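Given the structure is predicted, the values throughout are model-derived calculations rather than measurements.
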Amino acid sequence: MALTFHWFLPTYGDSRHVVGGGHGLPAGAAGGQRPATLGYLTQVARAAEQLGFTGALTPTGAWCDDAWLTTAMLARETERLKFLVAFRPGLVAPTLAAQMAATFQRHSGGRLLLNVVTGGESHEQRAYGDFLDKDARYARTGEFLEIVRALWQGRTVDLAGTHLRVEQARLDRLPDPVPEVYFGGSSPAAGQVAARHSDVYLTWGEPPAQVAEKIRWIRDLAQRAGRTVRFGIRLHVITRDSADQAWAEAARLLDGFSAEAVRAVQDGLARSESEGQRRMLALHGGRRDRLEVSPNLWAGIGLVRGGAGTALVGSHAEVAERITEYHRLGIDEFVLSGHPHVEEAYWFGEGVLPLLAAAGLWTHPAGGTAPTAAAVPFAAGLSGR
């Protein structure tokens, strides 16, 4: 299967330094020197579209702007780019969410993808009026997706679950196409929901051995449920013409992390209920001196940011090699980002994507011709999985 790449929309602001936000951090912790105006996000989205990214992930939480509204506006500013809208099912009724998705598909020309986020932090969920504990939230997510998928199939739904209840629910207009569901989570409860309801299981960027373990886990659960699931990975990226240049950029970002900022962020993240966040923290333990946790996999981002905390760092050829390594494990979709998001999209799009195209692992979704690969020996040596 050919690789699919998505970029990221920083709806909390952008900067030439790492902008915080995410699990365990309070609302208002994010922000940057480039405010998340519609004009700036349009620049990011158009750059991603031109370079050949299929879609763009938009986050959810009290620390960023609403993903549904933002992407609905950006759909008018783009032509092909899909929007991977992150949303929390406990905050929207399932019938309304199914209707919103159908409306988005109709007015965007079928460019909606859904990233279902159960919500890993009880304190943030309570701020939105949701007082379920973590396991109950996952159970509710399962009921939610059961209802939504049935509605998208044109069925009339009667369901009295533990957490959700609908009677004679039905959509007059169905989404075309049905949005694919992306879902992540590292706890046992998350695995069950992913296996039964997701199209693409997303993992944060862990070392290959740990990613392989997760793939085996979800694949086995999905097989037991009579389903197949695709796999994706969420990573930051710092790629340059040479490895020295890339690591120099990583060092520059690290120099911008004060000891006080790291300590404050790590204290907040340590209180996170997310198993995925716990695994991110374990990669670096809050230390600055052991951040390359696997070849070209740098955990420095996680010192000052919740959620996805690792970056692929290296020359274009090295980053392409690491992507190929993950692909051989079973990863077909890559959700990437970098600070700042306009410039880093071009570094990756002009440096790495041509190498993968020359190796036969990627094609531009618009059918365009990728630039000539800069490192033919790398391209000639790849064979996919």
Side-chain angles (χ1 to χ4, degrees), residues 8-12 21-30 36 57-74 83-105 112-152 157 159-167 169 171 175 178-185 187 189-190 192-194 196-199 202 234 271-277 306-307:
F8 188 84
L9 294 172
T11 54
Y12 46 84
H23 281 265
L25 300 179
L57 172 65
T58 306
T60 182
W63 49 279
C64 58
D65 287 344
D66 178 74
W68 284 102
L69 293 174
T70 301
T71 55
M73 295 178 184
L74 290 174
F83 296 98
L84 182 50
V85 173
F87 80 106
R88 304 187 184 196
L91 308 182
V92 181
T95 305
L96 177 58
Q99 183 183 20
M100 290 166 63
T103 302
F104 199 114
Q105 291 296 64
L112 175 67
L113 306 169
L114 288 177
N115 179 28
V116 176
V117 179
T118 296
E121 313 302 336
S122 292
H123 73 274
E124 188 177 11
Q125 294 297 121
R126 289 193 294 268
Y128 283 100
D130 177 16
F131 288 83
L132 294 182
D133 63 25
K134 180 180 175 180
D135 284 347
R137 290 198 295 269
Y138 276 111
R140 179 181 59 195
T141 296
E143 294 177 5
F144 179 96
L145 290 173
E146 182 179 348
I147 294 168
V148 167
R149 284 197 175 279
L151 290 170
W152 286 343
V157 182
L159 186 143
T162 303
H163 304 287
L164 297 174
R165 179 177 178 178
V166 297
E167 294 182 358
L171 292 183
V178 171
E180 290 194 309
V181 173
Y182 291 65
F183 187 88
S187 68
Q192 293 295 331
V193 175
R196 294 173 182 170
H197 298 289
S198 69
D199 297 300
L202 282 177
R234 171 78 180 93
R271 295 190 290 271
S272 173
E273 300 170 21
S274 166
E275 175 64 16
Q277 185 63 71

Please give me the minimum heavy-atom distance between [X] and [Y], naming the atom from each residue.
X	Y	value
Gln277	Ser272	CB-OG, 3.6 Å
Ala98	Leu151	CB-CD1, 3.9 Å
Pro179	Leu112	CB-O, 3.6 Å
Thr60	Ala86	CB-O, 3.5 Å
Ala194	Phe183	CB-CD2, 3.6 Å
Ala36	Tyr12	CB-N, 4.0 Å

Rounded to the nearest 0.5 Å, what's the gap from [atom1] on [X] to [atom2] on [Y]? Could you check?
X	Y	atom1	atom2	answer
Phe83	Thr70	CZ	OG1	10.0 Å
Leu9	Thr71	CG	OG1	8.5 Å
Leu114	Ser198	CG	OG	12.5 Å
Leu113	Asp199	CG	CG	9.5 Å
Thr103	Leu171	OG1	CG	9.0 Å

Which residues satisfy the side chain to side chain contact (heavy atoms under 4.5 Å, CB included) test with [X], sequence neighbours excluded?
X	answer
Ala72	Phe104
Val178	Trp152, Pro175
Gln192	Arg196, Leu221

[X] side chain to [Y] backbone, donor-acceptor under 3.5 Å:
X	Y	answer
Gln125	Leu132	no
Glu143	Leu164	yes
Glu124	Gly61	no
Arg234	Leu202	no

Who passes side-chain hydrogen bond (donor to acceptor under 3.5 Å, both in side chains) against [X], sequence neighbours left out?
X	value
Thr118	Thr141
Arg165	Glu167
Glu146	none

* Asked: Please, which pairs that meet salt bridge (charged side-chain N to carboxylate O under 4.0 Å, His left out) have at least one residue in residues 133-142, sequence neighbours excluded?
  ->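 Sorted result for residues 133-142: Asp130-Arg140, Arg137-Glu273.
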Going by the rule ring pair (Phe, Tyr, Trp, His ring centres under 6.0 Å), which residues pair with Phe87 if we only count those two or more places apart in sequence or in a different chain?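 Phe87 satisfies ring pair (Phe, Tyr, Trp, His ring centres under 6.0 Å) with Trp68, Phe144 once adjacent residues are dropped.
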Not counting sequence neighbours, which residues clear ring pair (Phe, Tyr, Trp, His ring centres under 6.0 Å) with Phe8? List them please.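 Expected list: His341.
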Q.
Evaluate His197 against Val181 for side-chain contact (heavy atoms from CB on, under 4.5 Å), listing each step before the verdict.
A. CA-CA 8 Å; His197 298 289; Val181 173; 5.7 Å; no
Exercise. For Asp65, which residues count as a salt bridge (Lys or Arg N to Asp or Glu O under 4.0 Å) partner, sequence neighbours excluded?
Worked result: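 Asp65 satisfies salt bridge (Lys or Arg N to Asp or Glu O under 4.0 Å) with no other residue.
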message = If the condition is salt bridge (Lys or Arg N to Asp or Glu O under 4.0 Å), which residues does Glu180 pass it with, not counting sequence neighbours?
response =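 For Glu180 the salt bridge (Lys or Arg N to Asp or Glu O under 4.0 Å) partners, ignoring immediate neighbours, are Arg230.
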Worksheet entry | Step-by-step side-chain hydrogen bond (donor to acceptor under 3.5 Å, both in side chains) determination, Ser274 to Glu121 | CA-CA 7 Å; Ser274 166; Glu121 313 302 336; 5.2 Å; no
